[in-house]
Amino acid sequence: MTHIRTAVFPVAGMGTRFLPATKSIPKEMLPLVDRPLIQYAVDEARKAGIEEFIFVSAAGKGALEDYFDTAAALEMQLKAKGKTDALQALAPTRMPEGALTILRQAQPLGLGHAVRQAKRLVGDTPFAVLLPDDVILHETGALAQMVEAHADQGGHMVATMEVPRAAVSSYGVLDVSQQKGRIAQARGLVEKPRPDFAPSTQAIVGRYILEPSIFERLDALGPGAGGELQLTDAINADVETAGVTGYQFAGERFDCGSVQGFVQATAAFAMARGDLSAEFSAFMTARKSPLKMVA
């Protein structure tokens with residue numbers, strides 16, 4: 001049985017890059033092919049053995065809670081009409097009673113602030129943090145890979161991927177002291193460094209396994225960059241005590257917090273689907289020129 005059973009999902013963001021769609025729909029509910037972004041994150045967590053799900057949410061995000069509730073009337077209609085495939089499609093949207101907790105983040109004060117809201121529920125055991133904007137395509141799942149590695153490593157662990165040096169200023173970056181296979185021992189994390197000052201090209205992706213000592217560090221921190229409570233600062237403050245490692249996961253990551261990344265993910269996930277790939281590939285191959293948008 002996995003030693004990581006609780007996961008925190010920061011889902012309080014406004015999703016302004018997807019306006020006007022996110023005027024009434026939470027960004028995490030935007031569909032990637034036929035499932036919302038949040039479903040991919042929850043499915044990945046389940047594959048890693050997560051049993052307790054904590055959403056740190058905000059006003060106007062009620063659709064997230066409704067989505068993981070039982071739709072009794074809909075299921076009765078589908079059952080009466082013998083639509084078993086549709087019923088099976090709903091299965092991943094159900095949560096066992098008591099498995100999902102919704103917390104409200106009253107103000108958007110940073111990722112560290114969002115994680116700190118879960119302190120009382122997490123308790124004194126290691127836990128995972130998943131950012132639904134980062135969608136990772138891999139059969140095993142990035143978090144499951146990390147959980148297995150963390151069982152031997154302990155401490156704080158962050159998911160990483162190699163990026164071009166010119167791109168490091170868009171990411172948090174690992175300061176590597178030693179590399180062995182997929183695991184990098186780290187001196188700390190550097191937030192969005194200039195390319196010529198970046199300590200490595202290992203960019204941090206939105207998957208974390210954190211020791212409960214992170215809450216003490218968060219409690220002791222003042223506001224960091226942008227006046228927000230930065231999770232990176234708290235991890236750096238705990239390097240000497242808990243230790244920090246980076247894990248280079250297997251899989252392809254898509255930044256679905258951007259429109260471009262969301263479109264790329266839609267194409268990639270469609271191509272990965274046996275029931276969609278052939279027709280979708282033929283459609284893309286047949287395209288000679290882009291369609292013109294009608295205003």
Side-chain angles (χ1 to χ4, degrees), residues 1-10 45 48-50 52 54 56 103 105 109-131 134 142-161 168 171-193 197-249:
M1 181 178 291
T2 178
H3 64 298
I4 310 293
R5 298 186 179 88
T6 302
V8 177
F9 300 77
I50 298 300
E52 302 290 335
I54 302 170
V56 182
L103 301 177
Q105 186 183 17
L109 298 178
L111 179 56
H113 183 263
V115 171
R116 192 173 67 175
Q117 306 308 303
K119 177 180 179 180
R120 181 178 57 83
L121 294 173
V122 168
D124 59 357
T125 59
F127 65 102
V129 176
L130 296 92
L131 307 189
D134 282 335
L143 186 61
Q145 299 170 44
M146 292 175 67
V147 167
E148 183 177 355
H150 186 269
D152 295 325
Q153 293 294 319
H156 303 306
M157 178 176 283
V158 298
T160 65
M161 67 178 189
V168 293
Y171 298 89
V173 173
L174 207 65
D175 185 356
V176 178
S177 61
Q178 184 180 4
Q179 183 83 39
K180 186 176 181 180
R182 293 189 178 276
I183 297 175
Q185 303 296 327
R187 302 181 189 91
L189 318 177
V190 181
E191 191 64 33
K192 297 182 178 179
F197 285 105
S200 78
T201 53
Q202 289 197 37
I204 299 163
V205 175
R207 303 290 185 273
Y208 305 79
I209 296 177
L210 302 173
E211 296 291 336
S213 59
I214 198 69
F215 293 116
E216 296 177 25
R217 302 301 183 183
L218 287 167
D219 287 343
L221 281 179
E228 298 181 339
L229 193 60
Q230 300 292 340
L231 184 60
T232 297
D233 293 342
I235 293 174
N236 277 332
D238 216 20
V239 169
E240 296 298 326
T241 304
V244 178
T245 55
Y247 184 84
Q248 286 188 294
F249 60 89

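Atoms CG and CE, on Leu210 and Met157 in that order, are 11.0 Å from each other to the nearest 0.5 Å. Ile209 CD1 to Ile214 CD1: the interatomic distance, rounded to the nearest 0.5 Å, is 13.5 Å. In this structure, Thr241 OG1 and Glu211 CD are separated by 11.5 Å, a value rounded to the nearest 0.5 Å. For the atom pair CG (Asp124) and CZ (Phe215), the distance works out to 10.5 Å, reported to the nearest 0.5 Å. Note that CG of Leu189 and CG of Asp175 are 8.5 Å apart. Values are rounded to the nearest 0.5 Å. The CG atom of Leu231 sits 9.0 Å away from the CD1 atom of Ile204 when rounded to the nearest 0.5 Å.
Applying the side chain to side chain donor-acceptor pair (under 3.5 Å) test to Asp134 and every residue at least two apart in sequence or in another chain returns Arg253. For His156, there are no ring-ring contact (aromatic ring centres under 6.0 Å, His included) partners at least two apart in sequence or on another chain. With sequence neighbours left out, Tyr171 forms a ring-ring contact (aromatic ring centres under 6.0 Å, His included) with no residue at all. Thr201 is linked by a side chain to side chain contact (heavy atoms under 4.5 Å, CB included) to Glu162, Arg165, Val168, counting only residues two or more places apart in sequence or in another chain. Residues satisfying the side chain to side chain donor-acceptor pair (under 3.5 Å) test with Lys192, not counting sequence neighbours, are none. By the side chain to side chain donor-acceptor pair (under 3.5 Å) test, Arg116 is found to be paired with no residue, residues two or more places apart in sequence or in another chain being considered. Take Thr125 and apply the side chain to side chain donor-acceptor pair (under 3.5 Å) test, not counting sequence neighbours, and it matches no residue. Scored by the ring-ring contact (aromatic ring centres under 6.0 Å, His included) test, Phe249 finds no partners at all (sequence neighbours excluded). Scanning for side chain to side chain contact (heavy atoms under 4.5 Å, CB included) contacts around Ala237 gives Arg217, with sequence neighbours left out. Partners of Val190 according to the side chain to side chain contact (heavy atoms under 4.5 Å, CB included) rule, which considers only residues two or more places apart in sequence or in another chain, are Pro193, Pro199. Applying the side chain to side chain contact (heavy atoms under 4.5 Å, CB included) criterion to Ala7, with sequence neighbours excluded, gives Phe9, Ile50, Ala128, Leu130.
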message = Leu218 vs Lys119, test: side chain to side chain contact (heavy atoms under 4.5 Å, CB included). Steps then yes/no.
response = CA-CA 10 Å; Leu218 287 167; Lys119 177 180 179 180; over 6 Å; no
Test side chain to side chain contact (heavy atoms under 4.5 Å, CB included) on Thr232 and Ile235 and set out the steps.
CA-CA 5 Å; Thr232 297; Ile235 293 174; 5.9 Å; no
Apply side chain to side chain contact (heavy atoms under 4.5 Å, CB included) to the pair His3 and Val147, showing each step before the final yes or no. CA-CA 8 Å; His3 64 298; Val147 167; 4.0 Å; yes
message = Quick one, Leu109 with Leu229, criterion side chain to side chain contact (heavy atoms under 4.5 Å, CB included). Give me CA distance, side-chain angles, the key distance, then yes/no.
response = CA-CA 6 Å; Leu109 298 178; Leu229 193 60; 5.5 Å; no
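Side-chain contact annotation: Thr245 with Gln153, donor-acceptor N/O pair under 3.5 Å absent.
Across Gly246 and Thr160, no two heavy atoms sit closer than the pair CA-CG2, 4.0 Å. Taking each heavy atom of Pro212 and Pro126 in turn, the nearest pair found is CD-N, 3.8 Å. For the residue pair Leu143 and Ala45, the shortest heavy atom distance occurs at CD2-CA, 4.0 Å. Of all heavy-atom pairs spanning Leu221 and Ala234, the tightest one is CD1-N, 3.4 Å.
Among pairs with a residue in residues 145-158, none fulfils salt bridge (Lys or Arg N to Asp or Glu O under 4.0 Å), at least two apart in sequence or across chains.
The number of heavy atoms from other shown groups lying within 6.0 Å of CD (Gln179) is above 12.
A donor-acceptor pair is defined here as one N or O able to donate and one able to accept, closer than 3.5 Å; no such pair exists between the side chain of Arg207 and the backbone of Val129. Side-chain N or O atoms of Arg182 include one that pairs as donor or acceptor with a backbone N or O of Gln248 at under 3.5 Å. A distance-only check finds a donor-acceptor pair linking the side chain of Ser200 to the backbone of Leu174 [under 3.5 Å]. Looking at Ser177, its side chain never comes within 3.5 Å of a backbone N or O of Arg187 through a donor-acceptor pair.
When side chains are defined from C-beta on, Ile54 counts as touching Val122, because their heavy atoms get closer than 4.5 Å.
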